[in-house]
Amino acid sequence: MLEGQESLDELEAAIRSEGAQEKDAKPGKEEDDGKLGPETAEDLRPFPLNQYFRSQPVLSEDLREAIYNRVKKDGVTVSLASVEFGVSNERVGAVVRLKQMEKEWVAQGKTLAVPYSKAVMEMLPTTPFIDPYEPKNKGKRPVTHEPINDLIVHPATRQQLFVPVSESRRFTRVDAGKAFDNNLLPADARIPHPELVQAERELASGLSFDERSKLAQARLQEENEKKRKEEEARLAEIRSHKVVPKRRWDFVFKDVSVDAAGRDGRDPRGVGWRYGFPHEDRKKGTVKIPTKVEA
């Protein structure tokens, strides 16, 4: 046992000496104070046999806290926070929800696994937070974490189409969307941040910074006013209902009027279905073939 132990000690000493020689032969890999040097592309490959896999960065703790404060304390929209920090809308919403849950746990006195979180964050590449209010960061732009305007592939666009178009006609993105589906919006309207497209168009048109800022502020106010009206209409709809709670179900009653159906009885606000009321295609004298073809 003693001889075996001595052989193991000699082997370990030899391995350590070889490691020290390799360290001296590769300067810059590790600094004199014991800290690792700057991260390289090779460091992002945790699996040596898979050269095509690279670890993707995660949000740093400072960046998560900044996103939470910007949305909850400053009251900005998720879309605006996404543009400011270069993080997608879905990730901003997830960060806000998780941070809110974390703060609720702290208020309840629950213990958080902070050492485990720090250990995991030290092993992964992170996207730092660049505070624009610090003097050293003046003029620096935030580090983009991910593309925020990537389009999700619509199921209707997975088929291949051959649409004949005359040479004199201008075929736009709107026409391309309607070729796949009548309700499919163009790419400019389906991206998560269509306001960035409008901002680029205003920049290309030669508008000054003040003019572009005023137009952006006007669009933001118009959007907030639209959301406020929609929220008021939703609350008014809820208040107009009378709820009668029962043991297994809640019965919801709403006041209706016979006059809501309109003079022709086809208003969407009408209630019920008139028995024997024929469809338009069953009436005599109704044109049942298309009278025009949209180009």
Side-chain angles (χ1 to χ4, degrees), residues 52-54 56-57 59 67 71 76-96 127 141-231 233-234 266-269 279-281 286-295:
Y52 299 99
F53 177 81
R54 292 187 180 182
Q56 298 298 320
L59 300 179
I67 292 174
V71 175
V76 303
T77 61
V78 174
S79 178
L80 182 57
S82 172
V83 174
E84 291 179 352
F85 295 102
V87 183
S88 64
N89 293 332
E90 296 81 6
R91 200 177 302 277
V92 170
V95 167
V96 173
T127 301
R141 303 187 64 181
V143 179
T144 302
H145 180 74
E146 58 191 338
I148 60 176
N149 271 341
D150 282 351
L151 273 177
I152 300 176
V153 178
H154 196 276
T157 61
R158 294 176 182 173
Q159 56 181 332
Q160 187 177 13
L161 297 180
F162 294 92
V163 182
V165 181
S166 61
E167 296 182 359
S168 59
R169 180 188 170 193
R170 184 181 179 185
F171 195 79
T172 62
R173 295 180 180 179
V174 179
D175 300 327
K178 290 183 178 180
F180 286 105
D181 192 338
N182 291 328
N183 298 325
L184 182 61
L185 298 176
D188 295 348
R190 290 196 302 118
I191 59 176
H193 298 285
E195 67 274 5
L196 296 182
V197 178
Q198 184 64 28
E200 289 294 331
R201 289 175 177 172
E202 293 172 355
L203 180 62
S205 62
L207 297 179
S208 63
F209 177 77
D210 295 337
E211 293 175 344
R212 287 185 281 116
S213 299
K214 292 180 180 179
L215 291 176
Q217 188 67 21
R219 287 194 298 268
L220 182 60
Q221 292 179 357
E222 183 180 357
E223 182 180 358
N224 293 337
E225 184 68 18
K226 181 179 178 182
K227 291 183 178 179
R228 185 186 63 82
K229 292 182 179 179
E230 292 178 353
E231 183 66 16
R234 187 182 67 84
R266 290 185 172 275
D267 195 284
R269 295 173 297 178
H279 291 283
E280 292 293 336
D281 57 351
T286 303
V287 179
K288 303 179 180 61
I289 60 175
T291 57
K292 62 178 181 179
V293 179
E294 296 183 359

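For the atom pair L207 CG and K214 NZ, the distance stands at 11.5 Å (nearest 0.5 Å). E146 CD to L59 CG: the interatomic distance, rounded to the nearest 0.5 Å, is 7.5 Å. With values rounded to the nearest 0.5 angstrom, R201 atom CZ is found 5.0 Å from D188 atom CG. To the nearest 0.5 angstrom, R212 atom CZ is 9.0 Å from E200 atom CD. Rounding to the nearest 0.5 Å places CD of Q221 at 5.0 Å from CD of Q217. Taking OG from S205 and CG from L203, the interatomic distance works out to 7.5 Å, rounded to the nearest 0.5 Å.
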In sequence, state the C-alpha distance, the side-chain angles, and the governing distance for R234 and E231, and then conclude on salt bridge (charged side-chain N to carboxylate O under 4.0 Å, His left out).
CA-CA 5 Å; R234 187 182 67 84; E231 183 66 16; 2.5 Å; yes
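When all heavy atoms of S82 and V92 are compared, the closest pair comes out as CA-CG2, 4.1 Å. The minimum heavy-atom distance linking S79 with N89 is given by the pair CA-OD1, 3.7 Å. Closest approach of D175 and R169 over heavy atoms only: CG-NH2, 3.5 Å. I191 and P194 get closest at one heavy-atom pair: O-CD, 3.4 Å.
A salt bridge links K227 to E223: at least one charged side-chain nitrogen sits closer than 4.0 Å to a carboxylate oxygen.
Here the side chains of K226 and E230 are in contact, with some heavy-atom distance below 4.5 Å. Two residues are said to be in side-chain contact when any heavy atoms from C-beta on lie closer than 4.5 Å; L215 and Q198 fail this criterion.
For E225, the CD atom sits in a packed shell: over 12 heavy atoms of surrounding residues, nucleotides or ligands are nearer than 6.0 Å. By the neighbour-count criterion of 12 heavy atoms within 6.0 Å, atom CZ of R173 is sparsely surrounded, having that number or fewer from other residues, nucleotides or ligands.
Take T291 and apply the side chain to side chain contact (heavy atoms under 4.5 Å, CB included) test, not counting sequence neighbours, and it matches V287. With sequence neighbours excluded, no residue satisfies side-chain hydrogen bond (donor to acceptor under 3.5 Å, both in side chains) with S166.
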Run the side-chain donor-acceptor check on residues 147-164: report pairs under 3.5 Å with partners two or more places apart or on a different chain.
| residue | atom | partner | partner atom | Å |
| --- | --- | --- | --- | --- |
| N149 | OD1 | H193 | N | 3.2 |
| H154 | ND1 | A156 | N | 3.0 |
| T157 | OG1 | H154 | O | 2.7 |
| Q159 | NE2 | A156 | O | 3.4 |

